[in-house]
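Down below is the structure, laid out as structure tokens.
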Amino acid sequence: MQTPIVFLHGGGLAAVSWTPHMSLLGDEGPVLALDLPAHGAQRHRRWTTMDDAADDVAGALRERGLDRVHVVGFSLGADVALRVIARHPAMVDAAVLTGISTSPVPWWERVLDVMSWPVMAMPLTHRLLARGMRLPDDVRRAHLASTGPVRIGDYSRLSRQVLAGVSLDGGELASARVLALAGQRESAHCRRSAVMLARRMTEAGLESEAAFVPRAGHSWPLSSPATVADIVRAWIDRPGVVDPRLVRYAART
């Protein structure tokens with residue numbers, strides 16, 4: 001069997017947000033999207049920590065008889081994927097991670113985030129965010145039907161953890177090839193995080209690249225499934241090959 005590709009969604013989203021991407025990558029082998037705790041089919045489960053979420057992902061894969069996979073992660077899903085790589089180093093072969101946060105954001109962003117917690121738990125905000133993420137209409141309808149807003153307690157915990165920066169500890173034990181991405185129009189923090197991750201993995205002797213997606217903001221993977229599929233296909237099929245549309249960090253230094 002070809003190595004399965006596993007998709008991990010962003011915060012406030014659900015596995016269904018990856019539907020178009022899985023259709024496009026079905027020729028690469030088995031594809032699977034998982035709901036993270038407090039989201040989608042796992043909305044009833046409390047969000048605790050990044051490491052717990054990573055262990056949940058690893059457990060779900062083992063229950064399906066999968067012990068070696070490729071991982072694609074967006075935003076919160078990228079953070080969790082990195083912890084899967086660190087805590088279950090034999091499980092991930094190649095990873096494409098975008099919108100990751102590997103260090104604390106500025107204090108004023110944390111203050112603004114705390115102020116947003118009550119609003120983020122509102123059904124209206126949930127619907128507006130789904131539209132703002134530029135999900136295709138059919139996927140947006142399926143997303144809204146599959147999950148409600150993340151509960152305020154869960155959102156506050158996961159948000160604090162994301163804004164504190166996901167730990168890179170243990171990544172040096174991994175064997176995964178990691179492509180760390182950020183949209184060229186994303187925050188400087190996300191762009192720096194992609195570079196930091198690639199440098200850390202490279203220093204550990206692992207194959208890793210940082211690259212930027214031209215003219216793209218944070219939610220670019222949701223509105224550009226064909227581009228995501230091409231990038232993933234290049235990275236997993238041809239080790240060391242980065243899709244030529246990406247701006248590699250090494251080319252900018």
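As the structure is a prediction and not an experimental result, all values here were calculated from the model.
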Could you grab the distance from atom CG of Asp79 to atom OG of Ser167, nearest 0.5 Å is fine?
11.0 Å

Non-neighbouring partners of His88 that pass ring-ring contact (aromatic ring centres under 6.0 Å, His included), sequence neighbours left out
none

Is there a chain of hydrophobic side chains (I, L, V, M, F, W, Y, each step under 4.5 Å between heavy atoms) that links Val80 to Val96?
no

Counting C-beta onward and ignoring hydrogens, is there a side-chain heavy-atom pair between Val69 and Leu32 closer than 4.5 Å?
no

Classify the ring geometry of His39 against His9: parallel below 30°, tilted from 30° to 60°, perpendicular beyond 60°.
tilted

State which residues pass ring-ring contact (aromatic ring centres under 6.0 Å, His included) with His189; sequence neighbours excluded, sorted by chain then number.
none

Check whether Leu8 and Leu168 end up in the same hydrophobic cluster, where Ile, Leu, Val, Met, Phe, Trp and Tyr are linked by side-chain heavy atoms less than 4.5 Å apart.
yes

Just wondering, do Arg192 and Ser103 contact through their side chains at under 4.5 Å, heavy atoms?
no

Among Leu61, Val6, Val84, Thr3, which residue satisfies the side chain to side chain contact (heavy atoms under 4.5 Å, CB included) criterion with Val92?
Val84

Is there side-chain contact between His44 and Gln42, with at least one heavy-atom pair below 4.5 Å?
yes

What's the verdict on side-chain contact (heavy atoms from CB on, under 4.5 Å) for Leu13 and His143, showing C-alpha distance, side-chain angles and the deciding distance?
CA-CA 7 Å; Leu13 296 168; His143 163 66; 4.1 Å; yes

Please answer: with hydrophobic residues joined when any side-chain heavy atoms are less than 4.5 Å apart, are Phe74 and Phe212 in the same cluster?
no

Distance check, rounded to the nearest 0.5 Å: Asp93 atom CG versus Ser175 atom OG?
7.0 Å

Over all heavy atoms of both residues, which pair between Asp169 and Arg83 is shortest? Give the atoms and the distance, please.
O-NH1, 2.8 Å

For the CG atom of Asp113 and the OG atom of Ser156, what is their distance to the nearest 0.5 Å?
9.5 Å

Closest non-hydrogen atom pair, Pro4 against Arg68
CD-O, 3.5 Å

Answer yes or no: does atom CZ of Arg185 have more than 12 heavy-atom neighbours from other residues, nucleotides or ligands under 6.0 Å?
no

Which donor-acceptor pairs under 3.5 Å do side chains of residues 226-246 form with protein atoms, sequence neighbours excluded?
from   : atom 1 : to     : atom 2 : distance (Å)
Asp230 : OD2    : Arg245 : NH2    : 2.8
Arg233 : NE     : Glu28  : OE2    : 3.1
Arg233 : NH2    : Leu24  : O      : 2.9
Arg233 : NH2    : Asp27  : OD1    : 3.1
Trp235 : NE1    : Ala95  : O      : 3.4
Trp235 : NE1    : Arg177 : O      : 3.1
Asp243 : OD1    : Arg245 : N      : 2.9
Asp243 : OD1    : Arg245 : NE     : 2.9
Asp243 : OD2    : Arg245 : NH2    : 3.0

Restricting to ring-ring contact (aromatic ring centres under 6.0 Å, His included), what partner residues turn up for Trp220, sequence neighbours left out?
none

Show me, pair by pair, the donor-acceptor contacts under 3.5 angstrom made by side chains of residues 124-132, not counting sequence neighbours?
from   : atom 1 : to     : atom 2 : distance (Å)
Thr125 : OG1    : Val119 : O      : 2.8
His126 : NE2    : Thr147 : O      : 3.0

Tell me whether Leu179 shares a hydrophobic cluster with Ile5, the cluster being built from Ile, Leu, Val, Met, Phe, Trp, Tyr side chains joined at under 4.5 Å.
yes

Co-members of Leu144 in a cluster of I, L, V, M, F, W and Y side chains, linked at under 4.5 Å
none

Are Ser208 and Arg200 close enough that some pair of their side-chain heavy atoms sits under 4.5 Å apart?
no

For Gln161 and Met50, which heavy atoms make the closest approach, and how far apart are they?
OE1-N, 3.2 Å

Cationic N near anionic O, under 4.0 Å, Arg140 to Asp137:
yes

CD1-CE distance between Ile85 and Met91, expressed to the nearest 0.5 angstrom:
12.0 Å

Grab the two heavy atoms, one from Gly183 and one from Glu186, that are nearest each other, plus how far apart they are.
N-OE2, 2.8 Å

Examine Ile152 and Met120 and state if one hydrophobic cluster contains both, with Ile, Leu, Val, Met, Phe, Trp and Tyr joined whenever side-chain heavy atoms are less than 4.5 Å apart.
yes

Taking all atoms of both residues into account, what is the closest heavy-atom pair of Pro37 and Trp47, and its distance?
O-CE3, 3.5 Å

Evaluate Arg64 against Leu34 for side-chain contact (heavy atoms from CB on, under 4.5 Å), listing each step before the verdict.
CA-CA 12 Å; Arg64 291 166 170 81; Leu34 297 176; 4.0 Å; yes

Is there side-chain contact between Thr19 and Phe7, with at least one heavy-atom pair below 4.5 Å?
no

Looking only at non-hydrogen atoms, find the nearest pair between Val16 and Ala142 and report the distance.
CG2-CB, 3.7 Å

Begin from the C-alpha positions of Leu36 and Arg45 and carry the test side-chain contact (heavy atoms from CB on, under 4.5 Å) through to its verdict.
CA-CA 9 Å; Leu36 297 174; Arg45 297 192 56 206; over 6 Å; no

Assess whether side-chain contact (heavy atoms from CB on, under 4.5 Å) is satisfied between His218 and Ser75, documenting all intermediate values.
CA-CA 8 Å; His218 183 67; Ser75 196; 3.0 Å; yes

Close side-chain approach of Asp154 and Arg46, heavy atoms under 4.5 Å
yes

Taking the side chain as every heavy atom from C-beta outward, state whether Arg43 and Pro149 have any atom pair closer than 4.5 Å.
yes

Taking Asp35 for the side chain and Ala15 for the main chain, is one N or O donor matched with an acceptor at less than 3.5 Å?
yes

May I ask you to check whether over 12 heavy atoms, not counting those of Arg134, lie within 6.0 Å of atom CZ?
no

